[in-house]
There are 2 protein chains.
Amino acid sequence: MVTLAEVAQHAGVSASTVSYVLSGKRSISTTTRRRVEESIRKLGYHPNAGARALASSRSNIIALMIPLRTDMYVPVMMEIAVAVATTARTHGYDILLLTGEEGPDAVRRVTGSGLADAMILMDVELDDERLPLLRGTDQPSVLIGLPADTTGLTCVDLDFRATGALCVEHLADLGHRDITVIGEAPAVYERHTGFAERTLDGLRTRARELGLRLLHRPCEGGYDAMAATLARVFDERPDTTGFVVQNESAVEPLLALLRQQGRAVPEDVSVVAVCPEQVATQASVRLTSVALPAHEMGRRAVEQLVAKLDGHGSDEVVLLAPELTVRASSGPAPVRP
Amino acid sequence: MVTLAEVAQHAGVSASTVSYVLSGKRSISTTTRRRVEESIRKLGYHPNAGARALASSRSNIIALMIPLRTDMYVPVMMEIAVAVATTARTHGYDILLLTGEEGPDAVRRVTGSGLADAMILMDVELDDERLPLLRGTDQPSVLIGLPADTTGLTCVDLDFRATGALCVEHLADLGHRDITVIGEAPAVYERHTGFAERTLDGLRTRARELGLRLLHRPCEGGYDAMAATLARVFDERPDTTGFVVQNESAVEPLLALLRQQGRAVPEDVSVVAVCPEQVATQASVRLTSVALPAHEMGRRAVEQLVAKLDGHGSDEVVLLAPELTVRASSGPAPVRP
DNA sequence: AGAAGCTGTCGAAGCGCTTCGACGCCCTAT
DNA sequence: ATAGGGCGTCGAAGCGCTTCGACAGCTTCT
């Protein structure tokens with residue numbers, strides 16, 4: 001293992017000079033800098049992370065806490081994680097992967113040990129038990145998701161309320177008057193993750209404003225659950241012509257069942273989904289959808305965090321504006337005979 | 001921040017004693033141990049990770065390199081990552097998340113800086129450029145996947161050859177004589193990730209042994225690609241009654257298209273998939289499938305690695321035996337008129 | 001009884017880096 | 001000519017921990 005001292009000796013300078021070349025915290029003459037850089041390259045020197053962390057009390061690591069459970073769209077989680085990792089690297093940070101499993105203890109452990117300089121939390125619940133810990137420490141953190149009380153916290157999330165409103169507006173513009181919302185699995189609502197409720201709130205509010213009828217049904221993914229749900233929906237609201245789906249594992253079953261029932265999309269029934277782009281474009285009918293901006297969320301989270309670590313940056317709630325892309329699954333409401 | 005020294009003072013012992021209580025590397029009297037543990041608890045002490053790493057040259061961190069691209073089995077990747085993280089924690093290790101993006105440089109950086117004690121690499125290509133680096137360092141590593149040359153390496157993977165054989169056998173047992181394989185996207189084969197080729201090899205070899213006809217068609221996911229592929233397949237091999245699918249984004253399109261063409265599953269056509277359990281059970285027809293044991297792979301990888309870090313453990317290729325679960329998508333071949 | 005061996009504890013020496021103050025040098029302003 | 005001020009470099013003091021050797025007080029063997 002090559003050390004700073006060896007590099008210094010090889011370059012004929014003192015260790016501190018090498019350190020300053022590396023950090024750029026003091027000015028170094030061009031000749032010296034070049035000589036040092038040459039030695040670094042030649043010897044294949046890599047600063048020791050532990051020593052660096054000890055001396056500077058900065059680990060250059062950001063902890064990312066991902067949910068353990070897999071009942072919700074996993075690829076989105078993955079995409080966020082990858083976006084976080086790549087963005088972090090561009091700022092010189094590495095990512096420490098924590099699973100939700102450990103809960104608040106993980107927060108304590110990481111904060112206490114100086115393992116990471118900052119944290120990003122995903123899958124935040126409305127009244128998350130990790131929040132008091134975050135408020136009680138001076139370690140910067142960013143949440144992906146929105147808890148009930150955001151005072152003293154920095155959050156990044158899609159504006160789900162606006163998303164709901166947007167979906168309703170789109171269907172209303174097309175003349176639909178009876179709209180059914182196929183929501184997430186009941187477990188998601190019970191867990192109070194917030195985003196499902198916020199979407200629903202946006203849907204309901206805008207529907208009321210526009211004078212539409214709205215029916216909401218949570219739904220597990222899969223064909224059987226969807227079939228059962230759909231039967232009850234048409235039973236209860238036979239005039240339903242518009243669907244908003246916020247459960248990607250219900251999307252394909254819904255389309256298949258509608259087809260099976262002889263209801264054409266979009267001629268008889270329009271479907272708008274809140275889902276990742278990939279799901280929308282790979283479905284059997286290309287879906288009009290509001291995308292989940294996973295990459296953007298990950299990137300923004302890291303950038304908020306880096307700003308905090310650099311001293312600027314403040315507690316702020318960043319709500320990304322939803323964008324609705326019209327594809328083949330939505331069209332004018334059928335003319336009522 | 002609480003330090004070892006403060007704990008020592010609080011407990012009335014020397015710093016080294018506290019350290020030995022923590023590590024258990026020397027025997028400590030019960031009374032002293034208890035007193036120290038009490039102080040640790042009371043002061044809320046957490047050992048500083050950097051200092052520890054510096055002094056012991058052990059970071060207790062395992063680097064996990066995940067692929068950046070998202071054209072394959074993302075949920076499987078995620079499940080592996082989560083399994084790695086949770087298993088690692090039970091052994092006292094944390095996970096550093098690296099994306100494939102940085103490539104060999106990341107390996108150099110992590111090895112050189114002592115950031116991690118060991119590495120797990122996912123998405124290994126047959127002739128991966130990271131392999132020489134791994135062989136050239138004394139840092140333990142485990143690959144998830146199988147390169148062409150495994151000398152000096154430890155690998156964990158599903159036995160894809162046996163998987164292919166198993167699928168063919170199942171269909172042969174049911175009397176199918178004409179089998180078509182819907183493979184991964186062409187890009188996957190071009191990238192030489194190995195698993196697709198190995199599956200195909202297993203399929204072909206066993207088919208030959210059993211005297212079956214086998215047609216292989218790579219296929220992008222999605223409906224359009226699948227429709228085109230399927231048309232050509234029935235054109236070329238109208239007697240096809242068995243399908244093996246190794247591309248989870250082709251599964252649902254295939255089922256829908258068969259239905260549309262009036263071919264009943266499993267009465268007219270049997271389908272066997274190589275895919276995650278979730279896909280198999282949530283499809284419109286519950287699929288007979290060989291599962292991708294993501295969790296098991298992650299777990300085994302960590303355990304191999306920990307064994308190496310502890311001194312026992314050796315270079316070894318662990319191939320997990322495939323298991324075929326019969327569900328509703330496969331049945332006896334239709335009787336030829 | 002004395003040697004030999006345990007057990008439990010301590011002190012001190014680093015691990016490789018950052019950072020602070022000091023200092024020599026040269027340039028500029030008086 | 002001389003004081004003042006940058007600039008570029010160095011030496012040394014830690015950061016908080018692990019670990020090695022030392023050693024005091026016992027027990028056990030011959």
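Letters A, B, ... mirror the listed sequences (proteins, then strands); counts begin at 1. Note that these values count all heavy atoms, side chains included, but never hydrogens, waters or copies made by symmetry.
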Indicate yes or no: does A:Asp149 engage A:Arg135 in a salt bridge with an N to O separation below 4.0 Å.
yes

At under 4.0 Å between heavy atoms, what does A:Leu4 touch on the DNA or RNA strands: base, sugar-phosphate, or nothing?
base

Are A:Val21 and A:Val13 packed together at the side-chain level, in the sense that at least one heavy-atom pair is separated by less than 4.5 angstrom?
no

Do B:Arg300 and B:Val142 have side-chain heavy atoms sitting under 4.5 Å apart?
no

If we only count heavy atoms from C-beta on, is the B:Met65 to B:Val110 side-chain gap below 4.5 Å?
no

Taking the nucleotide of DNA chain D with the nearest heavy atom to each, does B:Met1 or B:Lys25 sit closer to the 5' end?
B:Met1

B:Pro147 and B:Asp128, any side-chain heavy atoms less than 4.5 Å apart:
no

Need one value for B:Ser29: base, sugar-phosphate or nothing, where a base atom within 4.0 Å counts as base even if backbone is also close, heavy atoms only.
sugar-phosphate

Nearest-nucleotide check on DNA chain C, B:Thr30 vs A:Val18; residue mapping nearer the 5' end is B:Thr30

Side chains of B:His91 and B:Leu305 in contact at under 4.5 Å (non-hydrogen atoms):
no

Any heavy-atom pair between the side chains of A:Thr17 and A:Ile28 that's under 4.5 Å?
yes

Would you mind classifying the nucleic acid contact of B:Ser16 as base, sugar-phosphate or nothing, using non-hydrogen atoms under 4.0 angstrom?
base

Of all of residues 34-60 of chain A, which get a heavy atom below 4.0 angstrom from DNA chain D, listed by number?
A:Leu54, A:Ala55

Chain A reaches DNA chain C, atoms under 4.0 Å from its heavy atoms, from C:dG16 to C:dA22

Apply salt bridge (charged side-chain N to carboxylate O under 4.0 Å, His left out) to the pair A:Glu38 and A:Arg35, showing each step before the final yes or no.
CA-CA 5 Å; A:Glu38 179 64 13; A:Arg35 203 141 36 84; over 6 Å; no

